[in-house]
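First comes the structure, then the notes that go with it.
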2 protein chains.
Amino acid sequence: MVLLRSELGSVLRSRRLRQRRTLRDVSAAAKVSLGYLSEVERGQKEASSELLASICDALGTPLWATLREVSDRMSAQESHWVPDSPEALFKDELAGVR
Amino acid sequence: MVLLRSELGSVLRSRRLRQRRTLRDVSAAAKVSLGYLSEVERGQKEASSELLASICDALGTPLWATLREVSDRMSAQESHWVPDSPEALFKDELAGVR
């Protein structure tokens, strides 16, 4: 299962890295602790709505644009999802054959 | 400030109502308590990523589509934002004139 906090963290992290900014810089600008931002970026902590707004602000990106990117990524993952083995695709049909 | 949990709750609530389903029905399908779902819908509680996925599942809607709708709403609110008084738009210019 793709989790919101993992995708959100990954999007926030890549935005920060694209701007060549450090965790220290963005956490200070967002007025959150460095440890909190780091955990959010790694998908280990759910960001509260207030702190998420603050982090997006610090990154100079609207929250809606961040959510749009998260949505796009999740949608792409869903449509490109492939099972581990090709057999899994046809397991119902195969079950009927066997 | 528009908060993610308020918009998310509002989108989840309108999806449930469009399906003419009760809190009881959706909370049971999502395996969350009725009180929790009600608080999430009213933007009073942050939904964890796992429970959000479960609620979207119960509504038969992908999480990415829910996030897309939240993003669209927030973006629309931002672009239609107007200040309380028309004067506020020109307060810097007016300050220079006075």
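Throughout, a chain's letter reflects where its sequence line sits, starting with A, and its residues are numbered from 1. All heavy atoms count here, side chains included; hydrogens, waters and symmetry mates do not.
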When only pairs under 4.5 Å are counted, which of Asp72(A), Val2(A), Leu3(A), Leu52(A) shares the most heavy-atom pairs with chain B?
Leu3(A)
What part of Glu50(A) lies closer than 4.5 angstrom to a heavy atom of chain B: side chain, backbone, both or neither?
both
Assert top hit (heavy-atom pairs under 4.5 Å, partner chain A, pool Gly43(B), Ala53(B), Ser48(B), Ser6(B)) equals Ser48(B)
Do the non-hydrogen side-chain atoms of Glu78(B) and Pro62(A) ever get within less than 4.5 Å of each other?
yes
For residues Leu4(A) and Leu67(B), determine if any side-chain heavy atom of one lies less than 4.5 Å from a side-chain heavy atom of the other.
yes
Can you see which heavy atom on Trp64(B) is nearest to which on Ser71(A), and at what distance?
O-OG, 2.8 Å
Can you establish whether the number of heavy atoms outside Arg13(A) located under 6.0 Å from its atom CZ is more than 12?
no
How close do Glu46(A) and Ala47(B) get, counting heavy atoms only, and between which atoms?
OE1-O, 4.3 Å
same_hphob_cluster(Leu17(B), Val11(B)) at 4.5 Å side-chain heavy-atom cutoff
no
Are there over 12 heavy-atom neighbours, none belonging to Arg18(B), within less than 6.0 Å of that residue's CZ?
yes
Note, Arg68(B) side chain near Arg68(A) side chain (heavy atom, < 4.5 Å)
yes
